[in-house]
Amino acid sequence: MAIERTLSIIKPDGVQRNLIGTILTRFEEAGLKIVGGRLQQLSQAEAEGFYAVHKHRPFFGELVSFMISGPVFISVLEGDDAIAKNRDLMGATNPKEAKPGTIRADFAKSIDANTVHGSDAPETAAVEIAYFFRSIELV
Ligand code: CMP
């Protein structure tokens, strides 16, 4: 299996409910290493830029409003098959469809307040990591 890096965001609902430690522990216990991370209050322009791929979707405005409603914790996770592993840990985008034991099944309240974001493919992981981190900020 290939060593990969993926971008993770703990969304405002997760940060606001003091879930940073709980969620990072799940990543670490699954064998993912945190190779960079910080808390950040996203501006509207930063959130719109990050989610630009969704800009024509009907939920774009609400998604951006939610993402700037409080600080987020952005990190880069590294490990074997990190992209798929992180997605398995997160569960389905809609928490109503997320498997029991996943982060979204356990903590998410709605499809917008779904607690975590994770890159969905190697190409998007590379773009998303570069959006938030310079290479010298990752160990
Ligand atoms: P995320 O993985 O951060 O990627 C885009 C986000 O848009 C997604 O999680 C959801 O929080 C949000 N979203 C809201 N409505 C939808 C929808 N119908 N389909 C996909 N994502 C949605």
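What you see is a predicted model; the values in this text were computed from it and never measured. Atoms within each ligand, like the ligands themselves, are counted from 1 in listed order. The residues of the chain are indexed from 1 along the displayed sequence.
Taking a cut-off of under 4.0 Å to the non-hydrogen atoms of His117, the atoms of ligand 1 that pass are 1 (P), 2 (O), 3 (O), 4 (O). Distances below 4.0 Å separate heavy atoms of Asp112 from the following atoms of ligand 1: 11 (O), 12 (C), 13 (N), 14 (C). Residue Tyr51 has at least one heavy-atom neighbour below 4.0 Å for each of these atoms of ligand 1: 1 (P), 3 (O), 4 (O), 5 (C).
In terms of protein heavy-atom proximity, atom 21 (N) of ligand 1 is nearest to Phe59 CZ, 3.7 Å.
Here the side chains of Val72 and Ile10 are not in contact, with every heavy-atom distance at 4.5 Å or above. The closest side-chain heavy-atom distance from Ile68 to Gln41 is below 4.5 Å. Phe50 is listed as a side-chain neighbour of Ile9, based on a closest heavy-atom distance under 4.5 Å. With contacts defined as side-chain heavy-atom distances shorter than 4.5 Å, the pair Arg17/Lys109 qualifies.
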Residue pair Arg87, Asp81: steps toward the salt bridge (charged side-chain N to carboxylate O under 4.0 Å, His left out) verdict
CA-CA 10 Å; Arg87 291 181 72 76; Asp81 215 12; over 6 Å; no

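Ligand 1 has no N or O atom lying under 3.5 Å from any N or O atom of Thr93, backbone or side chain. For the pair Ile111 and ligand 1, the shortest N or O to N or O distance falls below 3.5 Å.
For Glu62, no heavy-atom contact with ligand 1 is shorter than 4.0 Å.
Comparing heavy-atom distances from atom 6 (C) of ligand 1 across Val116, Ile9, Leu63 singles out Leu63 as nearest.
Across all their heavy atoms, Phe132 and Arg38 have their closest contact at O-NH2, 2.6 Å.
For Arg104, the heavy-atom gap to ligand 1 drops under 4.0 angstrom. By the 4.0 Å heavy-atom criterion, Met67 is excluded from the residues contacting ligand 1.
Using cut-offs of 30° and 60° on the angle between ring planes, the pair Phe59 and His54 is tilted.
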